[in-house]
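What follows is one structure encoded as structure tokens, with my remarks underneath.
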There are 2 protein chains.
Amino acid sequence: MLESLNIALPTIDQTRPIAPQLHRRLRERIIRNELRANQKISESEIAEQYGVSRQPVREAFIRLAEESLVAILPQRGTRVRPIALSAVRDARFIREAIEADIVTLLAQRPDPLWLAELRRLLDEQRHIAATHPQAFIAADEDFHRTLSSAAGKSGIWQRVQGLKSQMDRVRFLSLERFDVFKLVVQHEAIVDGIAIGDPAAAESAMRLHLREILKDLPIIATENPDVFDEPSEDVEDRVIHFQGGERS
Amino acid sequence: MLESLNIALPTIDQTRPIAPQLHRRLRERIIRNELRANQKISESEIAEQYGVSRQPVREAFIRLAEESLVAILPQRGTRVRPIALSAVRDARFIREAIEADIVTLLAQRPDPLWLAELRRLLDEQRHIAATHPQAFIAADEDFHRTLSSAAGKSGIWQRVQGLKSQMDRVRFLSLERFDVFKLVVQHEAIVDGIAIGDPAAAESAMRLHLREILKDLPIIATENPDVFDEPSEDVEDRVIHFQGGERS
DNA sequence: CCTACCATACTGCCATACAAGCTTGGAAGG
DNA sequence: CCTTCCAAGCTTGTATGGCAGTATGGTAGG
């Protein structure tokens, strides 16, 4: 019955492998909350929507299940997993640990060329923040990915991508919420720490930055109770207490 | 033609989902280097070996490909991926970052109960090191997993498991190589740092511990050139230079 | 002897059919 | 009215057939 609408949503390129395309599209739809939490999605249903057979859909489901984006219950069905606060906090913790080490590395051997690139990204961010704040997420991704590359750890970023799914879902829910200018200032503090070769300053700036989401998390969870699977318990996440602020 | 041999290798339980079982078995065979690097394995070949159809084999391959254990080349074949030194180093870097933060956390709030458990594990390790050194890997896993649990981050360990595949392959190759007693001593240093509530000491002890593999890596790579895909280039891995040794 | 080409066998990918388990709704019995 | 049970229609899991693209080995032509 939806066949007339199929031409509306981006279609599938039949000449290239279908399963990965489906994986990307479905992943996107889940993160954008277009496929809502706890919604049941069957293989045959999705197969009809995209005009393909069940098999590639099934393979896409397997990948989504590995990212904890869907839950496959044998003989019972497949549903979109609600966001687990614990998973978000775990992902955030991992990310903080990794990126803290990355900027420490960078501050120990500041590279003028990479610093110039980072400064350029900061300018870009200021511009975007003033004009297209909704495009800031992409710029933020660029910034953090560039930090990884600068440290010679570009492979790291790809590996962490899989863990970021849950964080991305939260970010989408809080699109207009966060103060983009504040984030740019935090980015600047990180770059400054690297530039003056102060690892401790760069590290603490990064840790502060990545803890921003912890403040909004309970709010977002209570505002969107149907998307989360825990009733926003007030368990405080244990974070490292570090000394040495941005001046040290 | 291998049908008569099938009863030899652990068979498949036909009553439970087959694909996950195949995934585990194949993963194990790759890590144990039973399926050697660059060896071609086709869906139909494996399907015959285990007496199942090609479909569940295919799904197992997909999972293995996500862990970078196999490479699927469309219409060309599937082969066991050789170990990429860069992937091992990336996984090690991530693990160091995470576990450094975990022990920092623990040292900030030492918990007598968990410390007792850790001490017990250390005793166990000393015993195993003296009697069944080949069983040390499992004990080592226990130790690190317990640290995660003690920090209230048990979810973290599971998430990192996927990244550990490549490290596990290396560890299997260097089974008798490493000095288990030295590793136990390093474990003790970590626990001591936690016990006296010195985050810096615990952190540096952990970082030192997880850098052990970096020393052996080039040796292992040159000793098993056919298992690695890079000719053991002497690119030094950038690691954080931290101050404050085990005494600070 | 060397090169270009083509037939063949093999691969992974997709579609389809079949099997087995679970949910659900309604009917039968109390 | 409530409970029990069963059957139809879901679901995912597995098996099988066909397709398109690729490596390979032999052959015809130079």
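Naming: A, B, ... by sequence-line order, numbering from 1 per chain. Reckoned from all heavy atoms, side chains included, excluding hydrogens, waters and symmetry mates.
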Which one, C/dC13, C/dC14, D/dT14, comes nearest to the side chain of B/E43? C/dC13
Hey, can you tell me if A/H209 and A/H144 have their rings parallel, tilted or perpendicular (30° and 60° cut-offs)? parallel
Measure from the side-chain N and O atoms of A/E124 to the backbone N and O of A/A139, and report whether any donor-acceptor pair falls under 3.5 Å. no
Taking OH from A/Y50 and P from C/dC14, how many angstroms apart are they, rounded to a whole number? 15 Å
Within this structure, what is the CG-to-C1' distance between B/L73 and D/dA23, rounded to whole angstrom? 12 Å
Side-chain N or O of A/T78 less than 4.0 angstrom from OP1 or OP2 on D/dT11? no
Check for a donor-acceptor pair, side chain of B/R171 on one end and backbone N or O of B/I137 on the other, with a separation under 3.5 Å. no
Paired with A/L85, the side chain to side chain contact (heavy atoms under 4.5 Å, CB included) test is passed by just one of A/L217, A/D229, A/V170, A/I220, namely A/L217
Lys/Arg N to Asp/Glu carboxylate O, A/E67 vs A/R63, below 4.0 Å: no
Using a heavy-atom distance cut-off of less than 4.0 Å, which residues of residues 58-70 of chain A contact DNA chain D? A/R58
How long is the line joining CD1 of A/I12 and C1' of C/dC13, in whole Å? 15 Å
Judged by nearest nucleotide, the residue sitting upstream toward the 5' end of DNA chain C, B/I41 or A/Q55, is B/I41
side-chain N/O B/S53 vs D/dT16 OP1/OP2, d < 4.0 Å: no
Taking the side chain from A/Q21 and the backbone from A/P17, do they hold a donor-acceptor pair closer than 3.5 Å? yes
Spell out, as yes or no, whether a donor-acceptor pair under 3.5 Å connects the side chain of A/E59 to the backbone of A/L22. no
Could you check how far CD1 of A/I18 sits from C1' of D/dA20, rounded to whole Å? 13 Å
Among B/Q161, B/E141, B/E28, side chain to side chain contact (heavy atoms under 4.5 Å, CB included) partner for B/D168: B/E141
The side chain of B/R54 is closest to which nucleotide in this list: C/dA15, C/dC13, D/dT11? C/dC13
Whole angstroms only, please: what is the CD-C1' distance between B/E48 and C/dC10? 13 Å
Among A/N33, A/I83, A/V88, the one residue meeting side chain to side chain contact (heavy atoms under 4.5 Å, CB included) with A/R169: A/I83
I'd like a list of close polar pairs between nucleotides 21-26 of chain C and the protein, N/O only, cut-off under 3.5 Å.
residue : atom : partner : partner atom : Å
C/dC22  : O3'  : A/R76   : NE           : 3.4
C/dT23  : OP1  : A/R76   : NE           : 2.9
C/dT23  : OP1  : A/R76   : NH2          : 2.5

With a cut-off of less than 4.0 Å, is there a side-chain N or O of B/S42 near OP1 or OP2 of C/dT11? yes
For B/Q14 and C/dA20, what is the distance between atoms CD and C1' respectively, to the nearest whole Å? 13 Å
